[in-house]
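Throughout, a chain's letter reflects where its sequence line sits, starting with A, and its residues are numbered from 1.
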2 protein chains.
Amino acid sequence: MAAKRSGAQSKRSQRIDVSLESGQEPRSESPLSLERIVATAVELLDAEGIDGLKMRRLADRLGSGAMSLYWHVDNKEEVFDLALDSVLEYRGPPQTVESQDWRGEVVHILEDWRASMLRHPWSASLLPRRALGPNILSRLELLSRILSRAGVADADLNVAIWSLWNYVMGATITRASFDLSDDDRVAAQQRLTRLSEHYPTIERSRLLLDNDWGGAFRKGLDFLLDGLAPRQ
Amino acid sequence: MAAKRSGAQSKRSQRIDVSLESGQEPRSESPLSLERIVATAVELLDAEGIDGLKMRRLADRLGSGAMSLYWHVDNKEEVFDLALDSVLEYRGPPQTVESQDWRGEVVHILEDWRASMLRHPWSASLLPRRALGPNILSRLELLSRILSRAGVADADLNVAIWSLWNYVMGATITRASFDLSDDDRVAAQQRLTRLSEHYPTIERSRLLLDNDWGGAFRKGLDFLLDGLAPRQ
DNA sequence: ACCTGAACACCGTTCAAGT
DNA sequence: ACCTGAACACCGTTCAAGT
């Protein structure tokens with residue numbers, strides 16, 4: 001997968017935007033490029049969701065023939081991989097080089113991660129099914145470094161990382177999919193009240209209606225970090 | 001979705017296995033039924049994964065014409081919904097009616113949940129994208145009741161439930177997808193070593209090779225429960 | 001090097017028809 | 001009530017060909 005990707009990149013590496021300097025705006029006649037394909041794929045995914053990404057539609061948006069894409073990309077899978085990783089780039093915090101507040105840093109990374117995925121609701125459920133791209137690996141590396149520096153023993157590091165990963169992924173996938181089912185919301189609501197006799201506790205606490213997702217996310221994260229924090 | 005399902009069920013409610021008593025084994029000539037369709041769909045999903053479930057293949061396995069399915073089921077989506085919920089039924093613990101050990105009960109429910117999903121690796125990543133079926137709601141209800149009985153305040157209940165849900169879903173989806181990518185394992189391995197210079201901390205802790213998933217799951221869960229436990 | 005249209009294989013589903 | 005084959009619309013991708 002990485003091999004394919006770097007292959008495709010090498011194909012296009014030598015011609016980079018010679019045309020843009022001549023002042024013409026990027027019309028549908030502008031040349032195809034991996035960047036444009038990926039950016040347009042993200043647009044299309046944002047607009048139409050995961051099932052809305054069809055090679056023909058993508059080509060339409062790019063103003064090219066459907067088959068032109070296949071010169072830049074091996075297959076649809078690769079489009080997914082590239083779109084996903086492009087959305088998960090991490091631009092670090094204000095970066096006070098060597099912060100004391102490791103816990104704040106961790107929370108920032110994870111909340112930013114969640115926010116990035118929620119900005120593109122298709123990304124969360126896609127992530128676990130794909131190979132880990134460079135942007136994701138960078139985040140994991142950064143996280144590991146911070147925790148390690150904060151005093152988490154090497155033997156506990158993997159548990160810590162995976163616990164946090166699991167929590168963030170679960171929270172974000174769930175949240176994103178609740179978002180996506182706008183159309184079924186009426187039906188879901190009706191079913192819930194109809195079923196409430198069987199699920200009294202859930203009904204009483206309004207589990208499925210509670211929408212302080214951000215707050216709940218943060219609280220659970222705090223609990224996890226309490227547990228993961230190095231004993232001192 | 002619930003409406004469709006109960007509609008389909010009412011259609012077949014009156015004829016239940018009259019033929020089986022006559023001693024003939026269930027051959028491909030045995031009549032179609034929602035139960036058989038769902039059971040066979042689960043088999044097919046287990047064998048071939050999410051992309052392996054095609055209506056024509058499902059019909060083949062059932063020894064029927066492809067279109068016969070559509071009398072029992074509205075569409076492929078419903079097959080997914082039914083297969084998913086059928087796999088998530090919870091048969092409670094040995095059931096010492098009113099246990100003192102709420103924490104043990106919670107751990108049991110969640111580990112069983114995880115195990116059920118891992119037995120059918122396609123189920124985990126499907127779950128968040130589907131409406132919550134009756135078996136899932138039952139688990140959530142049971143969980144709520146236990147936590148509530150254990151002293152978790154109503155105001156904290158939703159945070160508790162969702163934190164646990166998020167953690168279990170994230171852990172299971174991640175685990176299941178690592179399982180599925182057997183074919184890419186070689187490539188992943190190669191890439192990791194090739195990239196290890198960029199991700200030294202990850203590499204050192206062997207993050208992507210650590211496979212004590214069960215242990216890591218349990219530890220993170222303990223941390224969460226420490227935080228969620230009612231102060232006493 | 002880059003793009004294209006025609007064509008193929010495949011898939012979910014509609015329909016009109018069978019028993 | 002239950003099942004079916006033919007047919008349609010749609011989609012990813014191959015191929016042979018253009019410039």
Original post:
Is there a Watson-Crick or G-U wobble partner for C/dC2 with both distances under 3.5 Å, and if so, which one is it?
Top reply: D/dG18
Subject >> Rounded distance (Å) that lies between atom C1' of C/dC11 and atom CG of B/L69 >> reply: 13 Å
**OP:** Let me know the distance between CG of A/L44 and P of D/dC11, rounded to the nearest Å.
**Re:** 11 Å
Original post:
Roughly how far, to the nearest 0.5 Å, is the CZ atom of A/R61 from the NZ atom of A/K54?
Top reply: 13.0 Å
Subject >> Minimum-distance nucleotide to A/W71 side chain [options: D/dT4, C/dA1, D/dC3] >> reply: C/dA1
**OP:** Establish, with yes or no, whether the OP1 or OP2 oxygen of D/dA1 is under 4.0 angstrom from a side-chain nitrogen or oxygen of B/H72.
**Re:** no
**OP:** Give the rounded distance in Å between these two atoms: CG of B/L62 and C1' of D/dC2.
**Re:** 15 Å
Original post:
Do the non-hydrogen side-chain atoms of A/S138 and B/Y199 ever get within less than 4.5 Å of each other?
Top reply: yes
Subject >> Rounded distance (Å) that lies between atom P of D/dG12 and atom CG of B/D51 >> reply: 13 Å
Short N/O separations, protein against nucleotides 13-16 of chain C, under 3.5 angstrom:
| unit_1 | atom_1 | unit_2 | atom_2 | d |
| --- | --- | --- | --- | --- |
| C/dT13 | OP2 | B/Y70 | OH | 2.8 |
| C/dT13 | OP2 | B/K76 | N | 3.0 |

Original post:
In Watson-Crick or G-U wobble terms, both distances under 3.5 Å, what is the partner of D/dC8?
Top reply: C/dG12
Subject >> Any A/W122 side-chain heavy atom under 4.5 Å of A/L44 side chain >> reply: no
Original post:
Hey, what's the ring geometry for B/W113 with B/W165, parallel, tilted or perpendicular (30° and 60° as the breaks)?
Top reply: perpendicular
Original post:
Do A/N166 side-chain atoms and A/W162 backbone N/O form a donor-acceptor pair below 3.5 Å?
Top reply: yes
Original post:
Nearest to the side chain of B/K54 - D/dG12, C/dG12, C/dC3?
Top reply: C/dG12
**OP:** Nearest whole angstrom, please: distance from the P of C/dC2 to the CG of A/L34.
**Re:** 11 Å
**OP:** Return yes if some donor-acceptor pair links the side-chain N/O of A/R139 with the main-chain N/O of A/E89 below 3.5 Å, else return no.
**Re:** yes
